> 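Dropping a structure here in structure tokens format, bear with me for questions.
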Amino acid sequence: MRTVLDLKPLIRLTKEDFYQLCQVNPEVSLELSRNGELIIMSPVGGESVQ
């Protein structure tokens, strides 16, 4: 699952901005589309309790 945020109305992330965002949030899987959308990927895997 993923969440897509369209930041264009508020801000335009440069490659450097995106890199810094990833560096300060290493626990979050982020992608930046060529359209400027920030994509937040859900974690995969996990543990189940039996």
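From a predicted model like this one, the values you see are computed outputs, not experimental measurements.
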> Nearest heavy-atom pair of Asn25 and Leu21: which atoms, and what distance?
ND2-O, 3.0 Å
> Show your reasoning for whether side chain to side chain contact (heavy atoms under 4.5 Å, CB included) applies to Leu38 and Val4.
CA-CA 6 Å; Leu38 182 62; Val4 179; over 6 Å; no
> Are Tyr19 and Ile11 grouped together when hydrophobic residues (ILVMFWY) are joined by side-chain heavy atoms under 4.5 angstrom apart?
no
> Could you give the distance from CG (Leu7) to CZ (Arg12), rounded to the nearest 0.5 Å?
12.0 Å
> Taking atom OG1 of Thr14 and atom CD of Gln20, what is their separation to the nearest 0.5 Å?
7.5 Å
> Which atoms form the tightest heavy-atom contact between Phe18 and Leu30, and what is the distance?
CZ-O, 3.6 Å
> Under the side chain to side chain contact (heavy atoms under 4.5 Å, CB included) rule, what do Ile39 and Leu32 come out as? Steps first, then yes or no, please.
CA-CA 6 Å; Ile39 303 169; Leu32 187 61; over 6 Å; no
> Without swapping roles, check the side chain of Asp6 against the backbone of Lys8 for a donor-acceptor pair under 3.5 Å.
yes
